[in-house]
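A short write-up of the structure that comes next.
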2 protein chains.
Amino acid sequence: MGASARRGPYICGIDAAMDVVSGKWKSLILWELDNYGTRRFGELRRGLPGVSEKMLIQHLREMEEDGLIHREVYREVPPRVEYSLTADGTSLNEALRPLGAWGTARSARLAADDVVARA
Amino acid sequence: MGASARRGPYICGIDAAMDVVSGKWKSLILWELDNYGTRRFGELRRGLPGVSEKMLIQHLREMEEDGLIHREVYREVPPRVEYSLTADGTSLNEALRPLGAWGTARSARLAADDVVARA
DNA sequence: CAGCATCCCACTAGATACTG
DNA sequence: CAGTATCTAGTGGGATGCTG
């Protein structure tokens, strides 16, 4: 009974999508996994500056349960676990691209306004 | 000190965009305003079943401060206030469209799986 | 009609310490 | 290395009542 997705009922598609992406690091995890294809726990941790172990594992578990990522365990010593995107995770990442572009444009504009404001 | 957007610094574009859309009803407000062009407070309230007055006004104020919506006050009796999208809000709505489509597809698939599971 | 103020709870997320 | 467990603070969001 964790803090995972509600899994409906949803008012609309965005609602359903937001349910699965909300979480401070989830979109970053998606992006990281999309870039590298496959990532170990420690690599993700280093790739997401500021994330705590607890939040990382919690988000990873929820995303696994939501069918966005795949978790492959190699029973070795030392233990190795590799995370990768599922088809769903990949398509979600695609769907997030325009939003990312919008955010980048907005950030740039805010920064520019800030410079003007300081002048 | 409110519950408004952090307004940076952001790790990436999605981060910046999520900062502005996160809030249970914000994407719905965007969608509603995009559909109707302009909406009064009471109309929005009725259009978003389940929203409380407090959350609606709070989200509207934050979105206004974030430059996503425009608030026009008509000093009449009884008072009238109309909300509409700014150019930024409109473009954000565009950027959210693929995500909405993804969520809709996911919902449909989950529902189908659910039917199968019950069979 | 449109909004503000206040109280309250659940949940999110962080820090820290421990384990197979 | 890859987690678990526990405790705590901060915040999101709901209910209710009041105002111009």
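Each chain gets a letter, A, B and so on, in the order its sequence line appears, and its residues count up from 1. These numbers come from the heavy atoms of this one structure, side chains and all, not from hydrogens, waters or symmetry mates. None of these values were measured; they are calculated from a predicted model.
- Note: CZ (A/R45) to C1' (D/dC1) measures 12 Å, nearest angstrom.
- Here A/R71 pairs with A/Y83 under the side-chain hydrogen bond (donor to acceptor under 3.5 Å, both in side chains) rule; sequence neighbours left out.
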Dump every N/O contact between nucleotides 13-19 of chain C and the protein below 3.5 Å, one line per pair.
residue: C/dA13; atom: OP1; partner: A/K24; partner atom: N; Å: 3.3
residue: C/dA13; atom: N7; partner: A/K54; partner atom: NZ; Å: 3.2
residue: C/dG14; atom: OP1; partner: A/K24; partner atom: NZ; Å: 2.8
residue: C/dG14; atom: N7; partner: A/K54; partner atom: NZ; Å: 3.1
residue: C/dG14; atom: O6; partner: A/K54; partner atom: NZ; Å: 2.3

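- Contact annotation: B/R61 side-chain N/O to C/dC4 OP1/OP2 distance is under 4.0 Å.
- With sequence neighbours excluded, the residues satisfying salt bridge (Lys or Arg N to Asp or Glu O under 4.0 Å) with A/R80 are A/E76, A/E82.
- Heavy atoms only, all atoms of each residue included: B/K26 and B/V20 are closest at CD-O, 3.4 Å.
- Considering only residues two or more places apart in sequence or on other chains, A/R109 meets the side-chain hydrogen bond (donor to acceptor under 3.5 Å, both in side chains) condition with B/D88.
- Of all heavy-atom pairs between B/S107 and A/Y10, the closest is OG-CD1, 3.6 Å.
- Under the rule for a salt bridge (Lys or Arg N to Asp or Glu O under 4.0 Å), A/E64 has no partner lying at least two apart in sequence or in another chain.
- Residues passing the side chain to side chain contact (heavy atoms under 4.5 Å, CB included) test with A/S22: none are found, sequence neighbours excluded.
- In terms of heavy-atom proximity, B/T86 sits nearest to B/G67 at OG1-O, 2.7 Å.
- Between A/I69 and A/L85, the shortest heavy-atom contact is CG2-CD2, 4.0 Å.
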Can you give each donor-acceptor pair under 3.5 Å made by side-chain atoms of residues 27-37 of chain A, sequence neighbours left out, with the distance rounded to 0.1 Å?
residue: A/E32; atom: OE2; partner: A/R39; partner atom: NH2; Å: 3.4
residue: A/D34; atom: OD2; partner: A/N93; partner atom: ND2; Å: 3.1
residue: A/D34; atom: OD2; partner: A/R97; partner atom: NH2; Å: 3.3

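- Here the C1' atom of nucleotide D/dG3 and the CD atom of A/E64 are 13 Å apart, to the nearest Å.
- Near DNA chain D, meaning a heavy atom under 4.0 Å away, the residues from residues 70-86 of chain B are B/P79.
- For the contact set between residues 36-43 of chain A and DNA chain D, defined by any heavy atom under 4.0 Å, the members are A/R40, A/F41, A/G42.
- Contact between A/V21 and B/M18 at its shortest, heavy atoms only, is O-CE, 4.3 Å.
- For A/S91, the side-chain hydrogen bond (donor to acceptor under 3.5 Å, both in side chains) partners are B/W102, not counting sequence neighbours.
- A straight line from CG of B/L56 to P of D/dG12 spans 17 Å, rounded to a whole angstrom.
- Each end of the helix from C/dC1-D/dG20 to C/dG20-D/dC1 gets its own rotation axis from five pairs of C1' atoms, and the angle between them is 50° to the nearest 10 degrees.
- The separation between A/I57 atom CD1 and D/dT4 atom C1' is 9 Å, rounded to whole Å.
- Partners of B/R118 by salt bridge (Lys or Arg N to Asp or Glu O under 4.0 Å), not counting sequence neighbours, listed by chain and number: B/D114.
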